[in-house]
Amino acid sequence: MERYDPAAIEPRWREWWEERHLHHTDLSDTARKCYALVMFSYPSGDRLHIGHWYSYVPADAWARMRRMQGWNVFEPVGFDAFGFPAENYAIKHNAHPADFTEKNMEYMRYQLRLMGAMYDWEREVVTCHPDYYKWTQWLFLELFKAGLAYRKNAPVNWCPKDESVLANEQVTPEGRCERCGTPVTKRDLTQWFFKITAYADRLLEGLDRIDWPEKTKALQRNWIGRSEGAEIRFEVEGHPGKEIEVFTTRPDTLFGATYLVLAPEHPLVDEITGAVHQYEVDEYRDRARRMTEIERTSTVKEKTGEFTGAHALHPLTGERVPIWIADYVLLSYGTGAIMGVPAHDQRDLDFANAFGLPVRRVIAQPGDPPDAEDGAVTLQVAEDEDGVLVNSGRFSGMPAAVARQEITHELERLGKGRAAVKTKMRDWLISRQRYWGAPIPIIHCPRCGEVPVPLEDLPVRLPYDVDFSLGEGGLSPLGRSESFRHVRCPRCGGHAERDLDTMDTFVDSSWYFLRYLSAHDDGRAFDPAVVNAWCPVDMYVGGVDHATMHLLYARFFIKALFDLGHVGFDEPFRSLRHQGQITRGGAKMSKRWGNVVAPEEYIPRHGTDALRLYLLFGFTFEQGGDWEDTGLHGAFRFLQRVWRMALQSATPPPTATPDGNRGEARRALERARHYAIAHATQDFERFQFNTAVSRIMELVNAAYQFAGGWSAAAGAAGGTADPADVRLFRSVVEDVIRLLAPATPHLAEELWHRLGNEGSILDAGWPVHDPALLAEDEVTVVIQVDGKLRDEMRVTRDLGEGEVRQRAVSHGRIPGLLGNRDVAQVVVVPNRLVNIVTRARG
RNA sequence: GCCGCGGUGGCGGAACUGGUAUACGCACGUGACUCAAAAUCACGCGCCCGCGAGGGCUUGAGGGUUCGAAUCCCUCCCGCGGCACCA
């Protein structure tokens with residue numbers, strides 16, 4: 001029999017598909033549309049490895065199943081070609097990013113084709129091409145005109161060794177530069193921001209409407225970090241009209257505030273600091289400024305601080321409270337000032353204990369002994385749970401939750417505060433002082449200010465011939481190009497300068513899934529009619545590492561475009577799935593460790609299909625795991641088995657005598673077939689590819705067993721076979737091939753044609769199971785209660801003992817056979833009898 | 001510290017809504033075929049005791065609910081990921 005030789009058949013089918021434009025989607029047919037999207041790759045110099053395949057292959061398998069089910073599937077692909085990785089690679093290798101990006105994409109296209117995915121290459125999108133970034137720039141201007149893009153001076157991450165600003169995402173969780181490991185400091189620069197904070201509430205609310213992993217939603221909620229509370233104003237003693245505004249989530253503890261703390265950089269510090277304290281305060285502020293992020297935010301650090309000499313007046317009691325500065329208060333959150341409530345906040349307690357400030361309990365638990373008259377207590381552990389107010393004037397006795405409202409109302413009445421909501425999330429800083437990105441389409445005119453580049457002048461092209469090396473202290477490389485820099489103001493015609501920064505690469509990737517749908521439209525970013533018909537994306541597959549970056553930004557972008565009337569939906573991705581990570585030798589794959597699994601190495605011998613099958617079968621999709629060559633061999637062996645089985649069914653022995661003993665065998669195979677179809681389908685839909693494949697393997701095993709019996713029977717009958725056996729075997733083989741088609745498209749296509757079928761297997765339809773057949777094989781089970789025959793029920797023959805037991809008990813309850821007695825014990829004789837032993841209730 | 005996810009054979013991993021724990025595969029063992037090997041096919045394979053029939057134990061640990069728990073509840077331990085002085 002001819003051997004299974006993937007190298008001989010796979011390239012042929014890929015050509016066949018391409019010649020027929022089989023994967024080119026007709027976007028005008030939207031009746032059963034299905035938009036299947038994967039996160040596109042960076043052509044940053046590294047080739048695609050098995051980790052990339054691990055997200056692309058399952059996404060493609062899912063899309064293929066959908067296509068076979070009759071959906072009009074759109075599965076595009078492209079490249080996220082701008083960004084730091086490519087630029088850094090270019091600097092290191094003394095190459096131009098525009099040149100080697102093209103070369104890398106060329107190789108990656110070859111790799112992606114090798115995978116045999118259903119990509120619609122005719123709609124490829126490359127973010128660094130002017131016909132793409134022209135529209136990125138247009139979208140920037142739309143946000144600018146809507147007031148959602150603005151410029152302000154802000155502290156940004158700065159790496160002293162690289163003399164360069166860094167994106168937030170290029171700072172490690174330890175606060176170090178991702179590339180050189182140097183601790184990152186802050187630097188003030190004027191930057192462009194997108195007003196993502198204006199969408200905080202809607203970004204939270206939208207999470208309830210989308211089919212995303214709970215983990216990812218939790219990450220976004222956590223990142224947005226919404227807290228409700230109150231802003232409270234304290235008058236500064238001796239400075240009439242000067243007030244310090246603090247933010248707290250616990251206005252109910254207001255009577256326990258025994259001091260205030262300002263962030264060291266707080267603008268009021270200079271104005272209120274007393275002369276006697278000026279030297280120490282300045283000293284402290286200098287120290288705080290010089291500290292790195294790591295030191296500053298270390299939670300193990302002892303509390304430090306400095307008294308300003310000033311006092312504030314408690315808004316409700318008029319009591320004098322000292323004003324301190326301390327670096328545990330951050331200027332960037334809330335109002336940059338807090339009220340210290342040491343009894344009910346651990347950080348405040350640590351601070352109070354370090355500096356001998358009073359601790360006053362204002363929340364008590366029922367049963368607590370009464371405190372001293374003014375609530376003074378000595379604590380090591382703050383009491384931060386809710387309780388009942390004490391030592392709080394007329395609010396004493398109120399539950400904390402009620403007091404939060406009441407005290408806030410009282411402050412509002414007095415004009416001393418109001419309810420407020422704060423988020424941890426900051427506005428999205430999109431300027432980059434780097435070369436390899438989309439230029440920001442703004443012209444700075446000495447007379448007219450920030451002037452948008454007119455649409456007819458877009459794109460603002462990135463000049464090729466620019467020195468983009470680092471080393472000038474964070475000055476934008478585009479500033480070195482005189483011809484780029486100098487420009488006439490579109491408004492007044494006078495001399496003006498272009499904005500010299502480029503956009504964060506995450507701006508490019510916030511809308512690429514819209515451009516796929518209008519990839520060649522020169523007149524607009526996208527066609528709203530097409531986009532509204534095809535979006536939101538039905539299934540989005542990619543790494544969880546983008547949870548609080550790309551996935552948040554894209555959601556913001558779509559909400560903004562919705563508000564501006566450009567799109568008719570406000571969530572971009574209806575369903576989202578994350579792949580796990582494939583490791584090798586227990587370690588993350590990296591060139592440095594030399595443990596990268598390159599698909600090209602395995603394909604000549606085992607084929608793309610075996611590789612695809614192994615990735616689907618060998619791991620739990622969201623979990624990933626360690627690569628093992630033996631697993632790939634196993635997948636390959638299974639495909640050989642399928643191959644032999646299919647060829648055998650294509651050349652059956654002569655049929656003659658019907659064999660009366662084969663009925664039960666056929667029934668069993670028929671049940672196995674419908675069981676496999678039902679479960680494989682459901683598992684594919686749920687991204688449970690490993691179990692989907694195992695169901696198919698079971699069916700193959702059952703078919704083999706069946707064929708074994710048939711061969712023996714044929715032998716006994718003198719070399720002929722029962723025609724019903726031959727027909728059934730053949731049709732089961734066809735179902736196996738169809739079920740395997742999402743996983744192993746080339747093999748499926750080959751076998752499909754060898755069995756004499758025309759056209760692509762993609763159009764062959766997806767097998768459908770017959771629930772009646774699975775349920776038909778029923779037996780009667782007798783139900784006894786305390787040994788007396790009471791009823792009967794019908795169950796399927798293959799039901800397990802436990803299931804029979806459960807059904808008997810619920811069956812007994814529903815007609816009230818058990819009266820008001822409890823079940824004490826259930827004895828089951830499988831498929832025959834169930835005896836329920838009861839006992840008096842209670 | 002907080003949030004999320006996880007802990008099941010030698011290994012990857014199954015188990016729907018609480019109902020035969022260990023599906024499917026890998027590795028391993030035995031046998032068939034072969035001069036031999038590979039490949040293939042058949043059978044076995046959680047752990048412990050037992051020649052055997054058989055018995056006992058088992059889903060990180062300990063408790064609880066239930067006729068019945070890998071699954072639900074409580075208290076811990078360990079691993080991974082995220083956030084982290086966010087008031």
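Proteins get letters first, then strands, A, B, ... in listed order; numbering begins at 1 in each. What you see is a predicted model; the values in this text were computed from it and never measured.
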Would you call [X] and [Y] a salt bridge, using N to O less than 4.0 angstrom?
{"X": "A:Glu228", "Y": "A:Arg226", "answer": "yes"}
{"X": "A:Asp386", "Y": "A:Arg250", "answer": "yes"}
{"X": "A:Lys422", "Y": "A:Glu231", "answer": "yes"}
{"X": "A:Asp211", "Y": "A:Arg577", "answer": "yes"}

For [N], give its Watson-Crick or G-U wobble partner with both distances under 3.5 Å, or none.
{"N": "B:rC41", "answer": "B:rG31"}
{"N": "B:rA53", "answer": "none"}
{"N": "B:rG81", "answer": "B:rC3"}
{"N": "B:rG19", "answer": "B:rC67"}
{"N": "B:rG25", "answer": "B:rC11"}
{"N": "B:rU75", "answer": "B:rA61"}

Pick the [atom1] atom in [N] and in [M], then give their distance to the nearest Å.
{"N": "B:rG60", "M": "B:rG12", "atom1": "P", "answer": "14 Å"}
{"N": "B:rC41", "M": "B:rG50", "atom1": "C1'", "answer": "33 Å"}
{"N": "B:rA39", "M": "B:rG82", "atom1": "P", "answer": "42 Å"}
{"N": "B:rG63", "M": "B:rC80", "atom1": "C1'", "answer": "27 Å"}
{"N": "B:rG52", "M": "B:rC45", "atom1": "P", "answer": "13 Å"}
{"N": "B:rU22", "M": "B:rA70", "atom1": "C1'", "answer": "11 Å"}
{"N": "B:rC24", "M": "B:rC77", "atom1": "C1'", "answer": "32 Å"}
{"N": "B:rG7", "M": "B:rA21", "atom1": "C1'", "answer": "16 Å"}

Counting side-chain heavy atoms from CB outward, which of [options] is closest to [X]?
{"X": "A:Arg641", "options": "B:rA15, B:rC41, B:rA87", "result": "B:rC41"}
{"X": "A:Tyr328", "options": "B:rC85, B:rA14, B:rC83", "result": "B:rC85"}
{"X": "A:Glu628", "options": "B:rA15, B:rC11, B:rA87", "result": "B:rC11"}
{"X": "A:Asp327", "options": "B:rG82, B:rC85, B:rA23", "result": "B:rC85"}
{"X": "A:Met697", "options": "B:rC26, B:rG25, B:rG13", "result": "B:rG25"}
{"X": "A:Arg644", "options": "B:rC41, B:rA87, B:rG13", "result": "B:rC41"}

Atom [atom1] of [X] to atom [atom2] of [N]: distance rounded to whole Å?
{"X": "A:Lys588", "N": "B:rG81", "atom1": "NZ", "atom2": "C1'", "result": "12 Å"}
{"X": "A:His546", "N": "B:rG82", "atom1": "NE2", "atom2": "P", "result": "14 Å"}
{"X": "A:Tyr614", "N": "B:rG13", "atom1": "OH", "atom2": "P", "result": "9 Å"}
{"X": "A:His550", "N": "B:rG82", "atom1": "NE2", "atom2": "P", "result": "18 Å"}
{"X": "A:Leu219", "N": "B:rC2", "atom1": "CG", "atom2": "C1'", "result": "13 Å"}
{"X": "A:Leu615", "N": "B:rG25", "atom1": "CG", "atom2": "P", "result": "19 Å"}
{"X": "A:Asp626", "N": "B:rG25", "atom1": "CG", "atom2": "P", "result": "22 Å"}
{"X": "A:Gln220", "N": "B:rG81", "atom1": "CD", "atom2": "C1'", "result": "16 Å"}

Is the distance between the ring centroids of [X] and [Y] less than 6.0 Å?
{"X": "A:Tyr602", "Y": "A:Trp53", "value": "no"}
{"X": "A:His606", "Y": "A:His633", "value": "yes"}
{"X": "A:Phe351", "Y": "A:Trp324", "value": "yes"}
{"X": "A:Phe636", "Y": "A:Phe638", "value": "no"}
{"X": "A:Tyr54", "Y": "A:Phe619", "value": "yes"}

Just to be sure I understand the rule, does [X] reach a base, reach only the sugar-phosphate, or reach nothing, if contact means heavy atoms closer than 4.0 Å?
{"X": "A:Gly624", "result": "sugar-phosphate"}
{"X": "A:Lys215", "result": "sugar-phosphate"}
{"X": "A:Asn701", "result": "sugar-phosphate"}
{"X": "A:Gly618", "result": "sugar-phosphate"}
{"X": "A:Ser227", "result": "sugar-phosphate"}
{"X": "A:Glu622", "result": "nothing"}

Taking OP1 and OP2 of [N], is either one under 4.0 Å from a side-chain nitrogen or oxygen of [X]?
{"X": "A:Arg3", "N": "B:rA39", "result": "no"}
{"X": "A:Arg637", "N": "B:rA27", "result": "yes"}
{"X": "A:Arg221", "N": "B:rG82", "result": "no"}
{"X": "A:Asn690", "N": "B:rA14", "result": "yes"}

Checking one value: the base orientation of B:rG44, syn if chi is within 90 degrees of 0, otherwise anti. anti
Donor-acceptor pair (no angle test) under 3.5 Å: A:Lys303 side chain, B:rC85 base: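 Yes.
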Can you tell me whether the side chain of A:Arg695 and the base of B:rA23 have a donor-acceptor pair closer than 3.5 Å? yes
More 5' along RNA chain B: A:Asp345 or A:Ser694, using each one's nearest nucleotide? A:Ser694
Which comes earlier along RNA chain B counting from the 5' end, the contact point of A:Gln640 or that of A:Thr630, where each point is its nearest nucleotide?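 The residue whose closest nucleotide sits nearer the 5' end is A:Thr630.
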